[in-house]
Trainee: 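First, the structure itself, so that you have it in front of you.
What you are looking at is a predicted structure, and each value in this text was computed from that prediction instead of being measured.
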Amino acid sequence: MQPYYEYRHLVGFEDTNLVGNVYYVNYLRWQGRCREMFLRDHAPDVLADVQGDLKLFTLKVDCEFFAEITAFDELSIRMRLDDLTQTQVAFSFDYVRLRQDGTEDLVARGQQRIACMRGPNNDTRPARVPEALRTALAPYAARHGGQLVDTTTGATA
């Protein structure tokens, strides 16, 4: 199994600016899309929970750019679990250009931290990361001695 979840994207003209390179905000959109596809593919119970009262708030997002990409570049957005606490999850994202000859170029790297919340909009409170999400993320986590470690409690899963 790969140590990351992969979302593939073919860059289109709608992703570019007047100069012809990808507009920076699209990298952040692709992080969200990668996360959504991960939930669809590996944690459908969490998606159902989001239809209820679970909210996944994005607390922080960033992206560092190494090379420009343009229309019709094929990308692999690779998501890894960086940190897991009782109520928050941090991901890292590698944006890799896939070339026709099979070579790959790292064109950007991003990070994102989300918090799990529950309750009505006027009384939303922190909530534990759902067990279904913890289980789905386990294969993509940083490992310590072969075990997934909750960085808040130090507990292993």
Trainee: Taking the side chain as C-beta and beyond, is there a heavy-atom pair between F66 and V107 under 4.5 Å?
Mentor: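 Side-chain contact under 4.5 Å: no.
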
Trainee: State whether the side chain of K60 and the backbone N or O of Q111 hold a donor-acceptor pair below 3.5 Å, judged by distance alone.
Mentor: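 Not at all, since once roles are kept as given, no pair shorter than 3.5 Å links the two residues.
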
Trainee: Do any N or O atoms from the side chain of Y5 and from the backbone of M37 form a donor-acceptor pair under 3.5 angstrom?
Mentor: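 Side chain of Y5 to backbone of M37: a pair is present.
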
Trainee: For Y27 and E64, what are the C-alpha separation, side-chain angles and deciding distance, and is it a side-chain hydrogen bond (donor to acceptor under 3.5 Å, both in side chains)?
Mentor: CA-CA 10 Å; Y27 291 84; E64 183 177 6; over 6 Å; no

Trainee: To check you understand the geometry: which heavy-atom pair defines the closest contact between T124 and G119, and what is its length?
Mentor: OG1-O, 3.8 Å

Trainee: Would you compute the distance between atom CZ of R33 and atom CZ of R40 and round it to the nearest 0.5 angstrom?
Mentor: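 One gets 7.5 Å once the value is rounded to the nearest 0.5 Å.
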
Trainee: Transitively linked via ILVMFWY side-chain contacts under 4.5 Å: L56 with L84?
Mentor: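 Yes, L56 and L84 fall within the same hydrophobic cluster.
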
Trainee: Are the aromatic ring centres of F38 and Y140 under 6.0 angstrom apart?
Mentor: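 For F38 and Y140, the ring centres are under 6.0 Å apart.
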
Trainee: Work out which heavy atom in D101 is nearest to a heavy atom in T103; give both atom names and the distance.
Mentor: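 That closest heavy-atom pairing would be OD1-OG1, 2.6 Å.
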
Trainee: If you draw a 6.0 Å radius around CD in E68, do more than 12 non-hydrogen atoms from other residues or ligands fall strictly inside?
Mentor: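 Result for CD/E68: open.
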
Trainee: List the atom of D15, the atom of L10, and the distance in Å for their closest heavy-atom pair.
Mentor: OD2-O, 4.2 Å

Trainee: What are the two closest heavy atoms between P3 and R80, and how far apart are they?
Mentor: O-CG, 3.5 Å

Trainee: Check the pair R125 / D123 against salt bridge (Lys or Arg N to Asp or Glu O under 4.0 Å), numbers first and verdict last.
Mentor: CA-CA 6 Å; R125 298 173 188 246; D123 190 26; 3.0 Å; yes

Trainee: Do you reckon L28 sits in the same ILVMFWY cluster as F91, going by side-chain contacts under 4.5 Å, direct or chained?
Mentor: no

Trainee: What is the distance from atom OG1 of T135 to atom NE2 of H42, rounded to the nearest 0.5 Å?
Mentor: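 Rounded to the nearest 0.5 Å, the OG1-NE2 separation comes out at 13.0 Å.
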
Trainee: I need the E74 CD to R97 CZ distance, nearest 0.5 Å.
Mentor: 12.0 Å

Trainee: Given the rule that I, L, V, M, F, W and Y join up when any side-chain heavy atoms are under 4.5 Å apart, are L106 and Y4 in one cluster?
Mentor: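 Each belongs to a different hydrophobic cluster.
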
Trainee: In Å and rounded to the nearest 0.5 Å, what is the CZ to SG distance from F57 to C116?
Mentor: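 So the CZ of F57 and the SG of C116 are separated by 10.5 Å.
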
Trainee: Taking side chain to side chain contact (heavy atoms under 4.5 Å, CB included) as the criterion, tell me which of Q112, R109, R78 meets it with F93.
Mentor: Q112

Trainee: Does some side-chain heavy atom of N26 sit less than 4.5 Å from a side-chain heavy atom of T16?
Mentor: no

Trainee: Determine the interplanar angle of the W30 and H9 rings, folded into 0 to 90°, and report it as parallel if under 30°, tilted if 30 to 60°, perpendicular if over 60°.
Mentor: tilted

Trainee: Checking side chain to side chain contact (heavy atoms under 4.5 Å, CB included) against V22, which of V11, N17, L75, D73 comes through?
Mentor: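 Only one of V11, N17, L75, D73 forms a side chain to side chain contact (heavy atoms under 4.5 Å, CB included) with V22, namely V11.
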
Trainee: Taking M79 as the starting point, is it possible to reach Y7 by hopping between hydrophobic residues whose side chains are less than 4.5 Å apart?
Mentor: yes

Trainee: Can you see which heavy atom on A132 is nearest to which on V46, and at what distance?
Mentor: CB-CG2, 4.0 Å

Trainee: Would a 4.5 Å heavy-atom cut-off, applied to side chains only, mark L81 and V89 as touching?
Mentor: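 Side-chain contact under 4.5 Å: yes.
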
Trainee: Can you tell if the side chain of P130 reaches within under 4.5 Å of the side chain of L54, non-hydrogen atoms only?
Mentor: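 Yes; the side chains approach each other to less than 4.5 Å.
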
Trainee: Roughly how far apart are F72 CZ and I69 CD1, rounded to 0.5 Å?
Mentor: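 Between atom CZ of F72 and atom CD1 of I69 there are 13.0 Å.
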
Trainee: Of all heavy-atom pairs between C63 and A108, which one has the smallest distance, and what is that distance?
Mentor: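 For C63 versus A108, the nearest heavy atoms are SG-CB, 4.0 Å.
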
Trainee: Kindly compute the distance separating CG (L39) from CG (L133), expressed to the nearest 0.5 Å.
Mentor: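 Rounded to the nearest 0.5 Å, the CG-CG separation comes to 6.5 Å.
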
Trainee: Would you say Q31's side chain and D62's backbone share a donor-acceptor pair under 3.5 angstrom?
Mentor: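 Here the side-chain-to-backbone pair exists.
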
Trainee: Are the side chains of R118 and D49 in touch, meaning some heavy atoms are under 4.5 Å apart?
Mentor: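 Heavy-atom side-chain distance check passes, below 4.5 Å.
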
